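First the structure, in the form of structure tokens, and then the observations on it.
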Amino acid sequence: MWERGRLPRKPRQSPIVVPPPPSPPPPPRLLAFLLPRSLLALAARGMPSRRPSPLLLLLLALALAFIFLLLSPSSPSASHLSSSLAAAAASSVSTSASSSPTPVKIYMYDLPAKFTYGVVRSYMAARARAGPAGAASAMPDDELRYPGHQHSAEWWLFKDLRRRGPRDHPVARVDDPAEADLFYVPFFSSLSLVVNPIRPSTAAANASNVAEPLYSDESMQDELLEWLERQPYWRRHRGRDHVFICQDPNALYSVVDRISNAVLLVSDFGRLRSEQASLIKDVILPYSHRINSFQGDVGVDSRSSLLFFMGNRYRKEGGKVRDTLFQVLENEADVIIKHGTQSRESRRMATRGMHSSKFCLHPAGDTPSACRLFDALVSLCVPVIVSDYVELPFEDVIDYSDISIFVETSKAVQPGYLTSLLRGISSQRIIEYQREIKKVKHYFEYEDPNGPVNEIWRQVSLKAPLITLLIHRDKRLVERGPNGTNCSCICSTPKELLSK
């Protein structure tokens with residue numbers, strides 16, 4: 001309110017205070033560390049309610065100048081601080097590197113050649129159409145080629161362990177068995193099973209004028225175990241720390257009870273009993289794909305068929321569902337389902353069919369799994385799995401529900417069920433399946449340097465701690481339950497077989 005007879009007062013202007021040059025404020029914790037507590041307390045007491053005092057501004061300017069000099073790159077203190085931080089970072093990296101898992105040491109037995117290259121030669125000799133029977137035996141090891149079929153993992157693992165030079169694997173091959181954590185037995189058991197029924201060609205036999213002995217897979221198995229049981233490292237832990245590959249469901253069938261302590265590399269458990277094999281101690285392998293990988297990109301425009309299957313219609317045991325599926329699907333539109341056996345022409349037709357179809361059917365065969373599943377995956381053809389007891393490789397890193405469709409057998413055999421289900425899946429969803437398949441496709445391509453061989457060794461290396469546990473456990477008395485079950489849920493070779 002104005003006073004009478006006086007003009008209103010002009011508002012007094014605040015003095016202009018020129019602040020110091022702007023400087024980035026230090027972090028609160030750093031400021032508290034660098035400034036004495038008394039200085040901070042003095043600044044707090046001197047803080048005005050309306051405008052800063054010149055004394056406070058001077059103190060803050062000095063503090064900021066001190067911090068600037070301390071953190072300057074040319075300052076000795078800053079140099080020391082940078083060196084300390086660099087040393088700490090280097091120490092952290094070194095600690096992280098040293099904490100990475102050490103490769104599991106694996107020793108590969110130098111088996112007599114008849115168990116490895118000799119099996120390949122026997123296969124070649126038995127299939128020779130003409131010429132001297134000894135042509136295969138005269139071929140150098142380096143020139144031998146493993147026959148292309150779905151069980152070739154045994155060849156890839158063997159060649160990988162024989163390779164010398166830098167390695168980036170979960171396992172490291174050692175030449176001294178005393179250093180080994182695991183022992184690999186490189187018998188070509190699946191190829192031996194294939195050779196067994198093959199009889200020497202008449203032309204080869206006539207050319208040599210000598211009756212060739214028939215190949216016996218069962219004799220090879222017995223001879224292998226006789227050789228192993230003479231080895232001290234086999235006897236030491238009853239084969240507990242040994243690894244066998246038996247990818248064919250019938251491979252090593254006559255001696256599997258005697259090696260059930262060991263790690264078995266299999267494609268499924270279709271012919272193995274629960275006391276012989278389990279997911280706990282064994283490793284599931286992918287079959288080798290038989291058709292060429294699809295080199296194109298994701299998409300459905302070039303895939304005119306809804307569903308494709310080509311294979312043997314009539315199978316034993318669990319494969320009987322195939323005949324029922326043939327009856328249900330063979331007259332459906334946009335569905336290609338054909339009976340076919342292994343041959344070059346069949347593989348060419350299967351390649352064209354899988355590369356031009358949105359979905360590929362995978363029914364159970366004689367056992368729950370077959371190479372057709374992996375043919376579909378490398379073709380970017382979404383697998384439709386109708387196999388209730390199938391086991392799948394590398395499930396700790398692959399979620400198969402992202403790349404496959406699982407259908408119960410009881411529903412799949414109902415007329416119209418499968419086609420209605422698949423036609424209801426949008427093109428965008430199919431492309432999503434294909435994208436996920438592309439991310440994991442290398443896990444099923446043995447020719448890929450970062451493919452299934454590395455992953456198999458990783459899976460094998462994960463068994464090493466369990467094997468050590470069981471070896472230590474075997475050194476003490478472990479009583480079984482009254483019903484004779486093994487509470488450890490681990491397969492164990494019966495004592496009566498070990499005494500043979």
Side-chain angles (χ1 to χ4, degrees), residues 145-163 167-171 186 188 190-191 245 247-248 265-268 283-299 302-303 308 310-311 342 344 346-362 369-385 390-404 430-461:
R145 294 294 179 265
Y146 190 89
H149 71 82
Q150 62 183 349
H151 304 121
S152 62
E154 58 193 14
W155 175 258
W156 288 101
L157 295 179
F158 174 69
K159 296 293 284 185
D160 183 67
L161 284 183
R162 285 182 58 85
R163 179 171 57 86
R167 304 172 62 87
D168 183 19
H169 280 351
V171 298
F188 295 166
S190 294
L191 185 61
I245 182 167
Q247 200 174 18
D248 188 285
L265 310 183
V266 300
S267 285
D268 62 36
V283 176
I284 302 295
L285 309 188
Y287 286 115
S288 298
H289 61 88
R290 301 299 314 280
I291 69 172
N292 297 329
S293 295
F294 181 71
Q295 301 303 320
D297 203 353
V298 299
S302 63
R303 296 179 179 266
F308 177 84
M310 185 174 182
Q342 290 290 348
R344 290 184 179 180
S346 293
R347 287 197 293 275
R348 282 193 288 267
M349 292 176 63
T351 298
R352 290 194 295 267
M354 287 189 171
H355 289 186
S356 61
S357 299
K358 301 176 182 70
F359 301 97
C360 288
L361 185 63
H362 172 69
S369 186
C371 67
R372 199 162 288 99
L373 168 63
F374 308 103
D375 288 339
L377 288 169
V378 301
S379 301
L380 298 190
C381 185
V382 182
V384 179
I385 300 176
V390 69
E391 295 293 349
L392 298 167
F394 318 146
E395 282 203 84
D396 60 334
V397 293
I398 299 175
D399 184 349
Y400 281 84
S401 64
D402 291 338
I403 61 174
S404 307
I430 296 172
I431 292 173
E432 290 175 7
Y433 277 119
Q434 292 174 343
R435 288 198 181 108
E436 293 300 317
I437 292 172
K438 284 198 75 172
K439 292 178 184 178
V440 299
K441 190 161 75 84
H442 65 280
Y443 285 113
F444 312 113
E445 296 176 314
Y446 279 91
E447 61 274 18
D448 191 315
N450 296 312
V453 171
N454 274 2
E455 188 59 24
I456 291 168
W457 290 134
R458 187 186 71 82
Q459 298 277 341
V460 169
S461 71

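Heavy atoms only: backbone and side chains are in, while hydrogens, waters and symmetry mates are out. Just so you know, residue 1 is the first one in the sequence shown, and it goes up from there. Being a predicted model, the structure only gives us computed values, none of them experimental.
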### Task
Working to the nearest 0.5 Å, report the span between CZ of R352 and OG of S357.
12.0 Å

### Query
Does the Q434 side chain pair with the main chain of G299, one donor and one acceptor, at a distance under 3.5 Å?
yes

### Message
For a 4.5 angstrom cut-off between non-hydrogen side-chain atoms, does V440 reach F394?
### Response
no

### Task
Verify, without hydrogens or angle tests, whether D375 (side chain) and R290 (backbone) share a donor-acceptor contact under 3.5 angstrom.
yes

### Query
Got Q459 and D396 here, is their nearest side-chain heavy-atom distance under 4.5 Å?
yes

### Task
Please report the closest heavy-atom contact between I398 and P393, naming both atoms and the distance.
CD1-O, 4.4 Å

### Query
side-chain hydrogen bond (donor to acceptor under 3.5 Å, both in side chains) with R303: which residues, sequence neighbours excluded?
none

### Task
Tell me, with the steps shown, if M354 and R372 meet side chain to side chain contact (heavy atoms under 4.5 Å, CB included).
CA-CA 10 Å; M354 287 189 171; R372 199 162 288 99; 3.7 Å; yes

### Query
Would you find a donor on one side and an acceptor on the other, under 3.5 Å apart, between the side chain of Y433 and the backbone of P383?
no

### Task
Over 60° means perpendicular and under 30° means parallel, so classify the ring planes of F294 and H355, tilted if in between.
perpendicular

#### Entry: Which residues share a salt bridge (Lys or Arg N to Asp or Glu O under 4.0 Å) with R435, sequence neighbours left out
none

### Query
Is any side-chain heavy atom of I437 closer than 4.5 Å to a side-chain heavy atom of V298?
no

### Task
State whether the side chain of D268 and the backbone N or O of E391 hold a donor-acceptor pair below 3.5 Å, judged by distance alone.
no

### Task
Would you please name every residue forming a salt bridge (Lys or Arg N to Asp or Glu O under 4.0 Å) with K159, sequence neighbours left out?
none

### Query
Which heavy atom of F444 sits nearest a heavy atom of P286, and at what distance?
CD2-CB, 4.1 Å

### Message
If only side-chain N and O atoms count, and only distance matters, is there a donor-acceptor pair under 3.5 Å linking E445 with S293?
### Response
yes

### Query
How about F158 and F188: are their ring centres within less than 6.0 Å of each other?
yes

### Task
Enter the distance from S401:OG to E395:CD here, rounded to the nearest 0.5 Å.
9.5 Å

### Task
Please tell me if the side chains of L380 and K441 come closer than 4.5 Å, counting only heavy atoms from C-beta onward.
yes

### Message
Any heavy-atom pair between the side chains of L377 and I403 that's under 4.5 Å?
### Response
yes

### Value rounded to 0.5 Å, distance of CD in Q150 from CG in L285
12.0 Å

### Query
Are Q247 and S267 close enough that a side-chain donor and a side-chain acceptor fall under 3.5 Å?
yes

### Message
Once rounded to the nearest 0.5 Å, what's the spacing between atom CG of L191 and atom OH of Y146?
### Response
4.5 Å

### Task
Would you please name every residue forming a side-chain hydrogen bond (donor to acceptor under 3.5 Å, both in side chains) with R348, sequence neighbours left out?
E345

### Query
Does the side chain of Y443 come within less than 4.5 Å of N454's, by heavy atoms?
no

### Stepwise side chain to side chain contact (heavy atoms under 4.5 Å, CB included) check, L392 with L373
CA-CA 10 Å; L392 298 167; L373 168 63; 3.5 Å; yes

### Chi angles and distances behind the side chain to side chain contact (heavy atoms under 4.5 Å, CB included) call for V397, R458
CA-CA 11 Å; V397 293; R458 187 186 71 82; 3.4 Å; yes

### Query
How would you list, by chain and number, every residue that makes a salt bridge (Lys or Arg N to Asp or Glu O under 4.0 Å) with D297, sequence neighbours excluded?
K438

### Task
Flag the pair R163 and D160 as a salt bridge only when some basic side-chain nitrogen lies within less than 4.0 angstrom of an acidic carboxylate oxygen.
yes

### Task
Any chance you could lay out the side chain to side chain contact (heavy atoms under 4.5 Å, CB included) test for W156 and I245, step after step, and finish with the verdict?
CA-CA 11 Å; W156 288 101; I245 182 167; over 6 Å; no

### Query
How about S346 and M310: do any of their side-chain heavy atoms sit closer than 4.5 Å?
yes

### Query
How long is the gap from OG on S152 to OH on Y446, to the nearest 0.5 Å?
7.0 Å

### Task
Please confirm whether Y287 and H151 have ring centers closer than 6.0 angstrom.
yes

### Query
How far does CD1 of I385 sit from SG of C360, to the nearest 0.5 angstrom?
11.5 Å

### Query
Can you name the salt bridge (Lys or Arg N to Asp or Glu O under 4.0 Å) partners of E447, sequence neighbours left out?
none

